[in-house]
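Structure record follows, encoded as structure tokens.
For this chain, numbers begin at 1 and follow the sequence in order.
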Amino acid sequence: MQTVSTNRSYGGTQGVYRHPSAETNTDMAFSVYVPDHREGSKLPVVTYLSGLTCTHANVTEKGEFRSACAEHGLIFVAPDTSPRGADVPGDPANSYDFGLGAGFYVDATEAPFARNYRMWSYVTEELPKLIAEHFPADPQRQSIMGHSMGGHGALTCALRHPDRYRAASAFAPIVAPSQVPWGLKALGGYLGNNSKAWRKHDTVALIEDGAKFREFLVDYGDADQFLTEQLRPELLQAACEKAKIPLTLRRQAGYDHSYYFISTFMGDHLRWHAQRLKA
């Protein structure tokens with residue numbers, strides 16, 4: 001693992017790192033914030049999954065999470081959203097919502113994406129092991145959160161690994177990708193035309209098929225330009241009500257899809273995670 005940069009912030013260390021990934025067959029970059037702590041202690045970990053077109057840098061530079069992480073003693077991990085490199089298929093100049101920057105946190109099965117686009121296994125298996133090996137992380141105290149495409153990833157990770165993650169939250173998540181244009185394009189392109197294979201990467205479908213999680217926190221803005229066509233939070237609300245999964249769904253007046261929205265409520269989410277990550 002290569003250290004790209006480190007900076008002091010709020011009495012902790014913000015780092016950016018790079019490593020060769022066995023899952024994606026590329027180098028992968030990610031950021032980690034570690035608050036100061038007693039030597040030998042292990043800290044709870046919050047993993048943040050970013051949205052379409054983003055890298056680890058968007059939340060690292062705009063997310064305003066470090067103050068809350070320092071206050072609550074949380075490690076904050078932010079991976080990239082897709083494999084990258086000259087030989088990786090998927091030109092964002094042609095399609096911002098598919099390919100580079102738009103891995104959708106699935107393991108692709110379709111050519112030519114299957115070799116590199118293994119973001120599900122990367123964020124749920126390879127990266128957590130790397131974090132546990134190189135940072136003072138407590139693998140028994142993990143939680144996950146995300147924005148938009150990353151909100152989709154966070155909620156599906158929680159539903160498929162309910163014993164691993166103690167908490168899961170999202171900002172403006174894509175909750176039913178099988179029913180919206182972004183998801184139809186991505187799931188079809190990465191996983192093929194068998195829509196039954198998509199259901200394990202669809203929050204609403206997972207809940208309908210019996211997956212459970214202890215509770216969710218979700219915020220969205222009523223001025224979000226993607227709310228009606230792509231996000232559909234009412235579908236998540238209906239699915240959780242039917243399955244009796246506690247959901248705190250907050251409609252935030254005047255907020256859009258940007259990091260101005262995310263940074264405003266980041267502290268609330270991290271306090272909520274910290275309460276559930278206590279030993």
Taking the side chain as everything from C-beta on, heavy atoms only, tell me whether [X] gets closer than 4.5 Å to [Y].
X	Y	result
V106	Y117	no
L100	V88	yes
P128	I131	no
L159	C157	no
T6	Y17	yes
S143	R276	no

Below 4.0 angstrom, N of the basic side chain to O of the carboxylate: do [X] and [Y] qualify?
X	Y	result
R199	E208	yes
E234	R232	yes
K200	D209	no
D36	R8	yes
E23	K129	no
R18	D27	no
E126	R118	no

In Å, rounded to the nearest 0.5 Å, how long is the span from [atom1] of [X] to [atom2] of [Y]?
X	Y	atom1	atom2	result
D219	M266	CG	CE	11.0 Å
L247	L217	CG	CG	8.5 Å
L155	M145	CG	CE	11.0 Å
L236	L231	CG	CG	11.0 Å
F265	Y260	CZ	OH	15.5 Å
S82	F113	OG	CZ	11.0 Å

Are [X] and [Y] close enough that their ring centers fall under 6.0 Å?
X	Y	value
H257	H147	yes
F104	W182	no
F171	H269	yes
F261	Y220	no

Will you find, in the side chains of [X] and [Y], an N or O donor that is under 3.5 Å from an N or O acceptor?
X	Y	result
D80	H56	no
N58	T60	no
D107	S121	yes
S258	K62	no
H161	T124	no
T156	H201	no

> Going through the distances and angles, do K244 and E215 end up as a salt bridge (charged side-chain N to carboxylate O under 4.0 Å, His left out)?
Replying inline: CA-CA 10 Å; K244 295 181 171 54; E215 61 179 322; over 6 Å; no
Considering non-hydrogen atoms only, spot the tightest contact between [X] and [Y] and give its length.
X	Y	value
Y259	S50	OH-OG, 4.0 Å
P35	L74	CD-O, 3.3 Å
L184	S178	CD2-O, 3.1 Å
S41	H37	OG-CD2, 3.5 Å

> Around atom CG of N193, are there more than 12 heavy atoms of other residues, nucleotides or ligands at under 6.0 Å?
Replying inline: no
